[in-house]
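Worksheet: one structure, shown below.
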Amino acid sequence: MSELLNVEEIFASKVFTLSKMQERLPKAIFKEVKQIIDKGGELSPAAADVVAKAMKDWAVENGATHYTHWFQPLTGITAEKHDAFVTHPDETGKMLLEFSGKELIKGESDASSFPSGGLRATFEARGYTTWDITSPAFLKEDATGVILCIPTAFCSYNGEALDKKTPLLRSMEAVSEQALRIVRLFGNTTATKVVPSVGAEQEYFLVDREKYLKREDLIFAGRTLFGAPAPKGQELEDHYFGSIRERIGSYMKDINIELWKLGVTAKTQHNEVAPAQHELAPIYETANIAVDHNQLVMEIMKKVAGRHGLTCLLHEKPFAGVNGSGKHDNWSLCTDNGVNLLDPGDTPNDNIQFLLVLACILKAVDVHADLLRQSAADSGNDHRLGANEAPPAIISVFLGEQLQDVVNQLIETGAATRSLEGGKLMTGVSTLPDFDKDATDRNRTSPFAFTNNKFEFRMVGSSDSIGSPNTTLNAIVAEAFCEAADIIEAASNKEMAIHDLIKEYLTKHQRIIFNGNGYSEEWKQEAARRGLPNIPSSIEAAKALTTEKSIRLFGKFGIFTEAELQSREEVVYETYAKTINIEALTMIDMAKKQLLPAVVGYTKTVADTVLAVKEAGVEPVVQRELLQKLSAKLEEANDALHLLEEKLVVAGSMTNQKELAFYYKDEIMPAMTALRAPVDALEMLVDKKDWPIPTYSDLIFEV
Ligand code: ADP
Ligand code: MG
């Protein structure tokens, strides 16, 4: 029997929760902290010292020796620098561990080695981290010991955001303020803020660690750059929700335990569509905490894999030919007195507040489709979006039957008088109960789908931070709320104004609604007719950041300055060029040192056979044909290899980051594809025991 697991006991055991603060802090100080968490403001220096001491004592009691300001630079992952609690010993040689309020609240770190897109030159290296009091501190335990992690925002010397958290927090305040104006119109006088809630479903692949270590492409690029398809893919649909194998199951159990200890509500786990692909979903929570927790989910997934002899791949497209991985970002808005603005109720037709909110969101998504697309862009995701799998690169909104029907009524007659009901589902078996159906079926192909009481933004890549998508969502919806509230507040007949606005927005922006199959070719053509943007790559999406429309939007709510937007666009180009460069170099290395030499060796074996068979007096027809095929493909691969090398030399002489990024997309990527094709063909010709690296079958079917 395995040890009994007490989830209630271990949950958040490594988190300095509000209840631990309440226990350890004097009443007045706890009140001050709680007040700031709820309403904003700054902790007084005296209070900060008390909180720091309590936090340190708790951490030390739990084995901590160091603390770190944990932050999220534009690399998309987290960063930390550890400082021990040690201080100068006194004259007797005794040392007391210390941690001051100042150290808790503000850290200074060399910012010059993080991406800044030109916001600061390397000689202006100062960067500051500041405590995000709304996200609880936690303990991380690994070979370095136990570290107290303090979630922080990261800014330059001049206060420009260098991270994913600062703009997110700014956007949360913006959407809260504007959403409050909307609920006030409907008589809600008690809510004091509106909070975006987020739940991120995380997809991932697991491969055997020993095999992983034999593949340079997985090590350096996180995805396979070569590899012929296995005889079987995902066509039998036998992996999705399939029973979970022992090795994977014990891995899942382990990540759940680690996450629960960190206060992450890991809830759902299952096998995904592709072989070796899985998913984990936590319960939704306040946006900034969900963003922090998703980073922890990714970190724990990678760390725990090692213990099971596995490696976790978070890349969006580790394997060609089977599904890639994404991250469904579920998003909604709730008032602090418990009203979900996206809950339509049973009869959405007479839920006017919901209809106004919905109309505003449709307008926001239509007006800023390019920005939303950009917020989910990274080079890995380019292999998913628009490449015949979930979801397409065109932004559209799925509403489902029931809401679509209400929207149609509103557009046609200006009033909605009825809502479709779900009806009963008859099981036809006397021992199974009949039950109420949902009023709307699911749709798996939409990038932005309404699901019950939330929107599910499905474009986000599996390796990406969910910071940017949520910042963008909050910002564009804040803008739409603000514009609506401006009009309605100024109207003499508010009821009439609301009514007119809903009809106007729905009519004007209905082109963004699409309830059909988002993967189909017809949709691409239809979307083009509707004038919806179809932006295939991350670097083409980047310019959405600095359009006049974007600068106005983010400037209006103080989320990004123009300089910050320009820097973020620049970072996209830099990161893209660097990423593809690593991939190209990895391919060259593998081709030159492993794959082509293996083929050369094998051709010799075949050539020897040809001679031997001939000598024995038999015509070596098949052997000769194989030899010819091998030689032809080998030559093709060799030519492609040289071409790729030449193109990289050209790239090396380019200095403009944007031009360089486009050169990598338009010249280097096709050259990489041209090298991969003959090498994959060779893999199919060469004897398996002579192929020097694990194949797709080895990697995804033998985990
Ligand atoms: P579905 O099956 O439609 O994907 P789930 O209930 O499985 O929906 O939820 C998926 C994710 O959405 C979970 O992380 C869940 O916590 C989150 N979620 C549910 N309701 C909301 C909401 N109101 N706001 C944000 N996220 C939500
Ligand atoms: Mg879902």
Side-chain angles (χ1 to χ4, degrees), residues 11 168 171-172 175-176 179 183 191 193-204 240-241 252 255-256 259-260 262-273 277-298 300-301 323 325-345 348 351 353-354 357-358 361 390-391 397-403 422 437-460 462 465-467 469-474 477 515 518:
F11 188 77
L168 175 70
S171 76
M172 288 169 67
V175 77
S176 175
V183 299
K193 63 177 174 180
V194 176
V195 181
S197 321
V198 170
E201 305 163 50
Q202 175 74 48
E203 293 180 342
Y204 60 98
Y240 190 61
F241 283 16
M252 286 178 169
I255 43 177
N256 286 335
L259 288 172
W260 289 333
L262 289 168
V264 181
T265 48
K267 168 99 177 155
T268 309
Q269 60 198 21
H270 60 81
N271 287 349
E272 255 304 325
V273 172
Q277 191 186 31
H278 314 277
E279 179 181 301
L280 179 147
I283 296 174
Y284 66 94
E285 53 198 337
T286 304
N288 63 316
I289 301 176
V291 171
D292 288 357
H293 281 174
N294 181 250
Q295 290 287 353
L296 288 179
V297 166
M298 294 195 282
I300 294 292
M301 281 182 166
N323 266 20
S325 298
K327 183 141 44 189
H328 293 177
D329 187 74
N330 294 272
W331 176 93
S332 72
L333 291 170
C334 296
T335 66
D336 59 350
N337 53 7
V339 180
N340 179 353
L341 304 194
L342 287 168
D343 188 353
N351 186 344
Q353 178 179 302
F354 169 77
V357 167
L358 180 70
I361 293 177
V397 180
F398 169 82
L399 288 183
E401 251 172 81
Q402 191 190 40
L403 285 187
K437 270 204 300 195
D438 289 315
T440 292
D441 198 5
R442 286 170 179 265
N443 169 307
R444 284 175 60 94
T445 65
S446 175
F448 201 76
F450 186 77
T451 44
N452 301 332
N453 58 6
K454 61 184 194 284
F455 273 102
E456 191 170 337
F457 184 31
R458 298 176 175 147
M459 254 189 188
V460 188
S462 50
S465 158
I466 52 170
N470 289 302
T471 301
T472 306
L473 268 171
N474 296 339
V477 172
N515 293 307

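Both counts, for ligands and for their atoms, begin at 1 and track the order of listing. We use all heavy atoms of the structure for the numbers below, so side chains are in, but hydrogens, waters and symmetry mates are not. The first residue of the sequence shown is numbered 1, and numbering continues consecutively from there.
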Taking all heavy atoms of Leu333 and all of Asn340, pick out the closest pair and write down the distance.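 Distance-wise, the nearest heavy atoms are O-OD1, 3.2 Å.
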Taking all heavy atoms of Asp343 and all of Asn351, pick out the closest pair and write down the distance.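 Looking at all heavy atoms of both residues, the closest pair is O-ND2, 3.3 Å.
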Those atoms of ligand 1 less than 4.0 Å from some heavy atom in Gly199: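 Going through ligand 1 atom by atom, the ones under 4.0 Å from Gly199 are 14 (O), 26 (N).
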Can you tell me how far the CZ atom of Arg458 sits from the CZ atom of Phe448, to the nearest 0.5 Å?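 Reported to 0.5 Å precision, the distance equals 11.0 Å.
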Counting only heavy atoms, tell me which of [options] gets closest to [atom].
{"atom": "atom 14 (O) of ligand 1", "options": "Pro282, Ala281, Ala290", "value": "Pro282"}
{"atom": "atom 5 (P) of ligand 1", "options": "Lys267, Glu456, Lys454", "value": "Lys454"}
{"atom": "atom 10 (C) of ligand 1", "options": "His328, Arg458, Glu201", "value": "Glu201"}

So is Ile283 in contact with ligand 1, going by heavy-atom distances below 4.0 Å?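 Contact check Ile283 vs ligand 1: positive.
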With side chain to side chain contact (heavy atoms under 4.5 Å, CB included) as the criterion, how do Val297 and Tyr204 come out once you've worked through the C-alpha distance, each side chain's angles and the decisive distance to 0.1 Å? CA-CA 11 Å; Val297 166; Tyr204 60 98; over 6 Å; no
Gln269 and Asn256: side chain donor to acceptor below 3.5 Å: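 Yes.
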Polar contact flag for Thr451 and ligand 1 (N/O pairs, less than 3.5 Å):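 No, no N or O pair falls under 3.5 Å.
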Pick from Val183, Leu358, Val477: which one makes a side-chain contact (heavy atoms from CB on, under 4.5 Å) with Leu341?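 Per the side-chain contact (heavy atoms from CB on, under 4.5 Å) rule, the option paired with Leu341 is Val183, out of Val183, Leu358, Val477.
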Counting only heavy atoms closer than 4.0 Å, does ligand 1 sit against the backbone of Asn340, its side chain, both, or neither?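 For Asn340, only side-chain atoms sit under 4.0 Å from ligand 1.
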